[in-house]
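This report concerns only the one structure given below.
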Amino acid sequence: MKNFYLTTAIDYANGSPHIGHAYEKVLADAIVRSRRMEGIPCHFLTGLDEHGQKVQETAERRGLAPQELCDSVALDFQNLCRRLSIGYDDYIRTTEQRHKTVVQNLLQQLHDAGEIYRAPYRGLYSTRAERFVQEREMVNGRWPDDIGEVVEVEETNYFFRLSRHREWLIAFLEKNKNFVVPAFRQRQVLEFLREPLNDLCISRPKVRLRWGIELPFDPDYVTYVWFDALVNYISAVGHGTEAFSQNWPADLHVIGKDILVPAHAVYWPIILHAVGMELPRQILAHGWWLAKGGEKMSKSLGNAVQPLDYAELYGPDAFRYFVLREMTLGQDSNFSHELFLARYRGDLANELGNLLSRLVHMVHRYCGGRFPAAGAAGEEERHLQNLAAETVRIARGFYGNLEFSSALESIFSLLKAANRYAELRAPWKLAREEGRTSELARALATLGEALRIAAGLLIPAIPTAAETILQRIGAGPVADWRNLAWSDALAGAEVGDEVILFPRVEEEDALSPL
RNA sequence: CGCAGGAUGGAGCAGUUUGGCAGCUCGUCAGGCUCAUAACCUGAAGGUCGCUGGUUCAAAUCCAGCUCCUGCACCCA
């Protein structure tokens, strides 16, 4: 059986991890975990894009070899993944030989097929910025300081025949309405394709840029970083080997909205089509995190959220829960400290963490630390059982549809109902009265089972906390949602020590909102 | 200019594809409970769904026009 193959964009090595990188990986990880709960084998790829002008420049400025810089940045990004419980299966780096080989094979294949031609390129070149510039970049008729003096130069380069595949791509997108989600993003792609395409310049002369993959048919050039980067999706899964079809075509590319057009929705499908390969099945373009009040986050404005600070202070699950609960698929969302704390306290600490605390405490105090058997269900129990069954069904549907916010909302409705049920049956009262032990047993067993089901459904979002809950209530692991149903699995189970899952954070200990 | 997104009780958001009693979280007010992380539960107040017009038995949702906010060199999820 082919794996469900999911990728994130590979991060560019000329930068450090920020909330956007963190979000994308959490999203991808949660998708993979939810697929695995449906019994679907998955392959989860992420990685680092290491070539290009910017990396070369930054390395020079710091007096490092480009590879040294990349090695250090790779550690930063891998550390981010580790700290956020991102369970990728493979981490591709574009300087690895397995990648270079595939890039060169693909270039040669395109060249042989007549998809690549050599032509002079005339343009305005800035020595200071070391790139070609456009006239529209002028400000008030003058070039800005970072561009400086500009001269018209002619340079021979290699071009990929994008334009000849435009009609095909339009037809493809019109036939495959769900290629890009959300749907309005696909409409943007079609809008972009209404204009004629320019052929894509895929080379850089080595005199300008050394840090790249050499063209197999001309050693004076390296390939353009976008071409290089996109190929990671096939190089990492062994393009050209037996194993390739185990993963390709990719089932989902998770990317940010900024690199949808033209890179992922135009260049990439056309490159694949030009060599007769299968296209990925779907691209998910997610939105951006904005600072309080909808401002763009940036270091210079000093309003950038540091995901690792949150993961450190509140735990990886709290960060994961917030971003998955708060962002609607494809839209931009705000990340503010107030919003974060509201979710942390209201949902995680009070609704979920406190339910575990009160339940574990009661089982210890009233039942000697072991869940009793539930016995016959009354009306309230049947009501909660039905809601749990319904929640399993609904949440699986939302997960399948990548609607994490709605999935989590439905699971927390179940938790709210469990808290309400506790109030209705009031085991603490039953425990004080004579002859009501069977009612007490029924109440605690019912609460435990509701919590077991909710925890099972929360695994993709908050894997560590969900695992802790299952352990503390003495439940076995939940590995497959297809058989997650109300049961008496907890009867006789020994509960663990009491635990504060999401400790209350006092105002003075909270991260100051910069 | 054009393109895209947004405008829904005090705050933040779902709902719009496929029209059908306006939903969630937080906050506010009143009450309950005491197993629990000052937590949990109940009830209440609070909305002409940006504006105008149209279609319809019925519009937050469809259609037309308009207003305001955001993004659209490069880089950046």
Side-chain angles (χ1 to χ4, degrees), chain A residues 8-9 11-12 14-15 17-28 53-54 126 129 131-139 144 146-147 177 182-185 187-188 191-192 194 254-261 285-290 292-299 304 307 323 325-328 330-334 336 338-339 341-343 345-366 403 405-406 409-410 412-413 416 418-432 443-444 447 498-505:
Chain A
T8 68
D11 303 310
Y12 196 45
N14 181 50
H18 57 62
I19 187 170
H21 302 114
Y23 170 64
E24 185 168 302
K25 283 165 183 59
V26 168
L27 178 61
Q53 187 94 37
K54 298 265 179 197
S126 154
R131 63 182 176 91
F132 283 93
V133 297
Q134 306 292 324
E135 280 189 29
R136 62 183 171 209
E137 291 179 56
M138 294 178 94
V139 179
D146 59 328
I147 290 177
K177 302 271 184 222
F184 72 83
R185 296 279 174 214
R187 290 199 295 275
Q188 284 181 331
E191 192 62 33
F192 178 84
R194 281 170 57 178
V254 177
I255 60 167
K257 65 178 186 178
D258 53 307
I259 53 173
L260 176 68
V261 179
H286 64 248
W288 281 17
W289 286 98
L290 303 174
K292 197 179 170 184
E295 284 178 340
K296 206 166 164 174
M297 277 189 201
S298 75
K299 277 185 190 163
V323 294
R325 176 66 183 83
E326 204 67 21
M327 191 178 267
T328 306
Q331 300 289 348
D332 292 346
S333 291
N334 295 326
S336 78
E338 291 80 356
L339 290 170
L341 273 189
R343 287 288 177 205
R345 286 183 177 150
D347 295 358
L348 295 178
N350 299 347
E351 200 84 70
L352 176 61
N354 181 58
L355 177 60
L356 176 68
S357 294
R358 64 197 305 206
L359 177 60
V360 167
H361 188 85
M362 285 191 282
V363 174
H364 275 297
R365 185 157 155 190
Y366 307 141
E403 293 175 67
S405 181
S406 300
E409 187 181 333
S410 71
F412 272 80
S413 294
K416 192 167 185 64
N419 273 314
R420 189 181 304 129
Y421 169 85
E423 215 66 32
L424 268 165
R425 289 299 190 209
W428 50 92
K429 285 182 184 164
L430 299 173
R432 287 194 300 257
L444 294 181
L447 274 176
E498 291 176 31
V499 62
I500 303 293
L501 261 191
F502 297 99
R504 185 171 175 81
V505 178

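Just so it is clear: chains get the letters A, B, ... in the order the sequence lines come, proteins before strands, and each one is counted from 1.
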Determine the contact category for [X]: base if any of its heavy atoms lies under 4.0 Å from a base atom, sugar-phosphate if only primed atoms, P, OP1 or OP2 are that close, otherwise nothing.
X	result
A/Leu339	sugar-phosphate
A/Ala342	nothing
A/Lys25	nothing
A/Arg194	nothing
A/Ile259	sugar-phosphate
A/Glu326	sugar-phosphate
A/Gly256	sugar-phosphate
A/Tyr366	sugar-phosphate
A/Leu359	nothing
A/Gly287	base

(message) Salt bridge or not between A/Arg420 and A/Glu423? Use side-chain N to carboxylate O under 4.0 Å.
(response) no

(message) With nearest nucleotide decided by heavy atoms, which residue, A/His18 or A/Glu403, maps closer to the 5′ end of RNA chain B?
(response) A/Glu403

(request) Hey, which sits more toward the 5' end of RNA chain B by its nearest nucleotide, A/Leu290 or A/Ser357? (result)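 The residue whose closest nucleotide sits nearer the 5' end is A/Ser357.
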
Atom [atom1], compared across [N] and [M]: separation rounded to whole Å:
N	M	atom1	answer
B/A38	B/G27	P	15 Å
B/A22	B/A45	P	15 Å
B/C49	B/A7	P	14 Å
B/A64	B/U25	C1'	36 Å

Atom [atom1] of [X] to atom [atom2] of [N]: distance rounded to whole Å?
X	N	atom1	atom2	value
A/Lys54	B/C76	NZ	P	8 Å
A/Trp288	B/C72	CH2	C1'	10 Å
A/Leu348	B/C26	CG	C1'	14 Å
A/Asn334	B/A14	CG	P	10 Å
A/His361	B/U34	NE2	P	14 Å
A/Asp332	B/C13	CG	C1'	14 Å
A/Leu355	B/C33	CG	C1'	16 Å
A/Trp289	B/G71	CH2	P	19 Å

When you measure from the side chain of [X] to the backbone of [Y], do you find a donor-acceptor pair of N or O atoms at a distance under 3.5 Å?
X	Y	answer
A/Asn419	A/Glu351	yes
A/Asn354	A/Ala349	no
A/His21	A/His18	yes
A/Asp332	A/Trp288	yes
A/His286	A/Lys257	no
A/Glu326	A/Ser333	no

(request) Hunt down any stem RNA chain B takes part in, defined as 3 or more consecutive Watson-Crick or G-U pairs whose two distances are each under 3.5 Å. (result) B:2-7 with B:67-72, B:10-13 with B:23-26, B:28-32 with B:40-44, B:50-54 with B:62-66

(request) Report the nucleotide, chosen from B/U37, B/A77, B/C35, that has the shortest atom-to-atom distance to any side-chain atom of A/Asp258. (result) B/A77

(message) Side chain of A/Arg358, heavy atoms from C-beta onward: which of B/C33, B/C40, B/C76 has the nearest atom to it?
(response)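 It is B/C40.
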
Within less than 4.0 Å of OP1 or OP2 of [N], is there a side-chain N or O belonging to [X]?
X	N	answer
A/His21	B/A77	yes
A/Asn350	B/C26	no
A/Thr328	B/A14	yes

(request) Going 5' to 3' through nucleotides 4-11 of chain B, assign each nucleotide B (protein heavy atom under 4.0 Å from a base atom), S (under 4.0 Å only from sugar-phosphate atoms) or - (no protein heavy atom that close). (result) SSS-----

Could you go through nucleotides 41-43 of chain B and list every protein N or O atom that sits under 3.5 Å from one of its N or O atoms, giving the distance for each pair?
{"from": "B/U42", "atom 1": "OP1", "to": "A/Arg420", "atom 2": "NE", "distance (Å)": "2.5"}

